[in-house]
There are 2 protein chains.
Amino acid sequence: MNVLVSSAGRRGALVQIFREVLHSLFGAGTVVAVDRSPLSAAGMLADHFEVVPPCDSDAFVPHMLDLCRRYDIRLLVPTIDPELAVYSAHRHRFAAIGTTVMVSAPQAIEIAADKLRTFRWFTENAVPTVRTASLDEVLGSPQHWRPPWIVKPVAGSASSRVRRIDSWSELETLHHEPDLIVQEVAQGHEHTVDAWVDRSGRCRCVLARRRLEVRGGEVQKAVTVENPELQDLVRRVVEQLPGASGALNVQVAVDGPTMSAIEINPRFGGGYPLSWQAGADFPKWTVEEVAGLPPTWAEARPSAGLAMFRYDEAVFVKASEVGL
Amino acid sequence: MNVLVSSAGRRGALVQIFREVLHSLFGAGTVVAVDRSPLSAAGMLADHFEVVPPCDSDAFVPHMLDLCRRYDIRLLVPTIDPELAVYSAHRHRFAAIGTTVMVSAPQAIEIAADKLRTFRWFTENAVPTVRTASLDEVLGSPQHWRPPWIVKPVAGSASSRVRRIDSWSELETLHHEPDLIVQEVAQGHEHTVDAWVDRSGRCRCVLARRRLEVRGGEVQKAVTVENPELQDLVRRVVEQLPGASGALNVQVAVDGPTMSAIEINPRFGGGYPLSWQAGADFPKWTVEEVAGLPPTWAEARPSAGLAMFRYDEAVFVKASEVGL
């Protein structure tokens with residue numbers, strides 16, 4: 001069986017995990033990585049690497065369908081936010097050629113992609129969260145808001161352009177920047193909770209990891225934790241989220257018994273390799289589903305108390321081989 | 001022979017390189033890593049890992065001397081800016097117990113640690129650079145300066161608090177921040193040039209790598225390049241820098257024939273593993289010097305056109321083992 005990792009970028013570990021899963025299940029199998037840039041470390045680690053058009057170009061879907069046919073791809077794994085809506089909208093076309101895309105339905109993607117919609121959805125579904133509004137709304141009703149806040153783009157990924165703002169005067173300097181949202185500061189430790197939803201919409205596994213250190217938006221140090229209330233909350237979120245499927249993660253700030261859900265990412269998180277090491281083997285269960293094998297998720301006992309410490313590994317290649 | 005890597009942090013590759021060098025030269029040898037935090041990925045990759053006091057505490061040097069005795073350390077490799085002055089000032093005490101510290105003399109450290117002093121030293125030594133002054137000086141003589149600028153701490157490491165400033169009004173908002181310097185924006189591509197200086201003060205190897213992508217102050221993608229003028233410039237810098245020794249790197253912006261030296265780092269750079277892969281084997285030559293082996297640097301032919309693409313690797317350990 002062959003798997004394709006889309007927008008592979010620096011996700012070397014995810015490529016290696018899928019290869020390990022294929023080899024442990026079938027004794028063989030190919031991982032194809034694609035990226036819009038030829039300068040992808042994960043691409044260089046995969047069995048095959050293809051440079052593809054950007055996901056917002058008209059050529060993207062036909063190109064990907066063609067690649068999936070050519071490499072006989074049974075499972076396609078998106079990894080970055082901008083491509084989720086595209087793959088979700090066209091997932092039936094991939095299914096028609098025998099490629100399952102591990103992606104949630106468009107409704108789930110739309111809720112997750114827009115942080116104001118996420119906030120409204122949390123509120124409507126009684127998921128504890130932090131007050132969130134557009135920058136214009138906050139500037140227009142100062143009597144209802146007090147600093148400090150977190151300001152971020154309504155559709156941003158990772159921590160790009162995320163800022164802590166401590167005063168009204170600081171907030172006002174941002175009025176010319178488009179599409180910003182303002183959030184009250186959530187108290188407590190930030191957790192990323194990985195969840196896996198089977199094709200029937202049931203959440204079969206959740207595992208929480210507490211962030212210990214973040215650098216440039218990527219978690220560097222984290223530890224898995226056992227927290228039944230947190231796990232129940234995230235299980236409920238992903239089961240109520242319409243059309244959720246496959247690997248997702250939910251960001252939650254945890255302050256003792258008080259929880260504040262902050263974001264939903266309907267894809268593998270950057271720090272997922274920790275959950276994999278701890279036994280939350282979403283790639284294996286997804287491959288089992290696609291291949292029609294008996295599911296093994298019920299045997300999993302993901303372990304709390306496993307810590308991850310990242311460092312830089314690298315791929316070295318001749319510059320001429322990658323067009324530099 | 002045993003080597004100690006100080007403030008090992010995330011420098012997993014450097015630890016692995018030293019181990020490889022020791023094994024290739026002697027068939028054995030131990031790499032000890034130390035850090036002020038128990039949560040060091042490189043520490044977990046080393047043969048031994050010790051948590052030590054911060055380098056600005058009075059306990060630091062006695063503690064390190066004690067460790068060097070205990071582990072029979074012949075070579076100690078500092079890696080972060082704040083510890084360079086400490087090790088340099090006390091290097092004779094380490095030498096007295098048989099430990100060579102790969103560090104330049106205090107004069108070199110002082111010039112490199114303070115970006116205003118670096119600028120003056122470049123100017124006095126006819127090294128092309130970019131105009132640099134303290135924030136107060138620039139604000140006090142507006143007739144002599146024009147935006148845009150790069151603003152950074154006078155003693156900062158990596159890209160911490162480095163900002164591009166495009167207007168006087170923006171610059172003025174920074175007046176309350178202490179110890180900032182203002183630099184004209186250097187044109188061209190940023191290069192890091194690794195240099196190795198033997199104990200006689202002669203530079204025996206330089207290798208330039210062009211930065212392709214930086215993330216959170218750490219180079220993510222880079223490629224080694226051949227540029228005789230750049231190499232000559234950096235060779236001259238490190239040979240004129242008083243008391244330079246071991247591995248250093250110089251940041252230079254290169255715009256065709258125009259070069260602007262920006263910083264000197266008298267230590268291994270974070271992106272050094274690329275130069276090692278390309279054949280600039282500073283760890284081996286340093287170990288040879290310390291061990292009294294015949295030097296092999298003259299045989300090295302570091303290759304241009306090698307590219308590095310980084311991704312995240314990780315060490316996984318039980319949280320209880322690291323006190324979490």
Side-chain angles (χ1 to χ4, degrees), chain A residues 8-16 35 37-45 158-159 169-170 173 209-210 212-225 270-271 273-278 303-324, chain B residues 8-16 35 37-45 158-159 169-170 173 209-210 212-225 270-271 273-278 303-324:
Chain A
R10 298 171 75 254
R11 299 230 192 194
L14 195 63
V15 163
Q16 289 166 328
D35 202 277
S37 162
L39 309 181
S40 156
M44 298 168 199
L45 291 168
S159 66
S169 55
E170 242 184 300
T173 65
R209 34 191 170 93
R210 182 157 57 86
L212 303 173
E213 188 187 311
V214 174
R215 231 173 120 119
E218 280 276 341
V219 61
Q220 292 301 322
K221 300 174 185 170
V223 58
T224 58
V225 296
L274 170 56
S275 293
W276 187 72
Q277 285 287 339
S303 46
L306 187 69
M308 173 178 78
F309 302 94
R310 283 183 152 172
Y311 63 100
D312 286 313
E313 189 46 271
V315 188
F316 300 94
V317 295
K318 280 196 183 156
S320 55
E321 284 173 23
V322 287
L324 279 174
Chain B
R10 299 171 74 253
R11 299 231 191 194
L14 195 63
V15 163
Q16 289 166 329
D35 202 276
S37 162
L39 309 182
S40 156
M44 298 168 200
L45 291 168
S159 66
S169 55
E170 242 184 300
T173 65
R209 34 191 170 93
R210 182 157 57 85
L212 303 173
E213 188 187 310
V214 174
R215 232 173 120 120
E218 280 276 340
V219 62
Q220 292 301 321
K221 299 174 185 172
V223 58
T224 59
V225 296
L274 170 56
S275 294
W276 187 72
Q277 285 287 339
S303 46
L306 187 69
M308 172 177 79
F309 302 94
R310 284 184 151 172
Y311 64 100
D312 287 312
E313 189 45 271
V315 188
F316 300 94
V317 295
K318 280 196 183 156
S320 55
E321 283 173 24
V322 288
L324 280 174

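This one's a predicted model, so the numbers in the text were calculated from it and none came from an experiment. We name chains A, B, ... by the order of the sequence lines, and we start the count at 1 in each one. Computed over heavy atoms, backbone and side chain alike; hydrogens, waters and symmetry mates excluded.
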>> Please classify the contact between A/Gln220 and chain B as side chain, backbone, both or neither, with a heavy-atom cut-off of under 4.5 Å.
In response: side chain

Residue, of [options], that accumulates the most heavy atom pairs under 4.5 Å with chain A:
options                               : result
B/Gly305, B/Ala319, B/Ala307          : B/Ala307
B/Lys318, B/Glu213, B/Arg215          : B/Arg215
B/Leu45, B/Val322, B/Val317, B/Thr224 : B/Val317
B/Ala314, B/Ser40, B/Ala13            : B/Ala314

>> Counting heavy-atom pairs closer than 4.5 Å to chain B, which one of A/Thr173, A/Leu39, A/Leu324 comes out on top?
In response: A/Leu39

> Would you call B/Glu218 and B/Arg310 a salt bridge, using N to O less than 4.0 angstrom?
Replying inline: yes

Where on [X] is there a heavy atom nearer than 4.5 Å to chain A: the side chain, the backbone, both, or neither?
X        : result
B/Val223 : side chain
B/Gln16  : side chain
B/Leu306 : both
B/Leu212 : side chain

> How long is the gap from CE on A/Met44 to CD on A/Glu321, to the nearest 0.5 Å?
Replying inline: 9.0 Å

> Got a second to check how far B/Leu274's CG is from A/Phe316's CZ, nearest 0.5 Å?
Replying inline: 6.0 Å

Minimum-distance pair of heavy atoms, taken over all atoms of [X] and [Y]:
X        : Y        : value
B/Tyr311 : A/Arg10  : CB-O, 3.3 Å
A/Ser275 : A/Arg209 : OG-NE, 3.4 Å
A/Ala42  : A/Ala8   : CB-O, 3.5 Å

